[in-house]
Amino acid sequence: WVFESYATATEVLVEGQEVLVESMRLEGGAGGGGGTVRGLAKRMGRVHALATVILVGPRAAATAAHARALAAPLVKVSVQGGAAGITAPSTGGASSSGGGAS
């Protein structure tokens with residue numbers, strides 16, 4: 001987590017229809033980390049990876065359900081003991097699972 005900021009945005013369109021918009025921004029000084037790059041590392045705690053998985057559509061429904069079931073215990077552990085101030089994601093039609101934030 002040795003950077004001042006990180007920003008990403010993902011949009012998924014299916015047959016011209018927007019089905020998912022996901023964005024994330026991590027700031028070194030946001031949230032009271034002391035205003036330094038180390039502030040982000042301190043807030044992220046034991047979380048050392050970040051991932052987004054997007055499974056959309058009827059052909060991915062079974063895989064999405066399986067991925068949610070596999071990720072649920074990891075999300076719970078990450079939220080409880082890892083990154084400070086991160087809350088568990090809500091479930092919806094598309095599945096997005098983060099290794100520390102989603």
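Below, each value reflects all heavy atoms present in this structure, side chains not excepted, and no hydrogens, waters or symmetry copies. Remember, it's a predicted structure, so these values are computed and weren't measured experimentally.
- Taking CD of E22 as the start and CD1 of I54 as the end, the distance is 6.0 Å to the nearest 0.5 Å.
- Judged as a side chain to side chain contact (heavy atoms under 4.5 Å, CB included), and not counting sequence neighbours, R59 has no contacts.
- No side-chain heavy atom of T10 sits under 4.5 Å from any side-chain heavy atom of M24.
- Between A64 and L55, the shortest heavy-atom distance links the atoms CA-CD1, 3.5 Å.
- To the nearest 0.5 Å, atoms OG1 (T8) and CZ (R25) are separated by 11.5 Å.
- For the pair V56 and V12, the tightest heavy-atom approach, listed with the atom from each and the gap, is CG2-CG1, 4.3 Å.
- The CZ atom of R68 sits 10.5 Å away from atom OG1 of T63, with the distance rounded to the nearest 0.5 Å.
- Rounding to the nearest 0.5 Å places CG of L20 at 10.0 Å from CG of L13.
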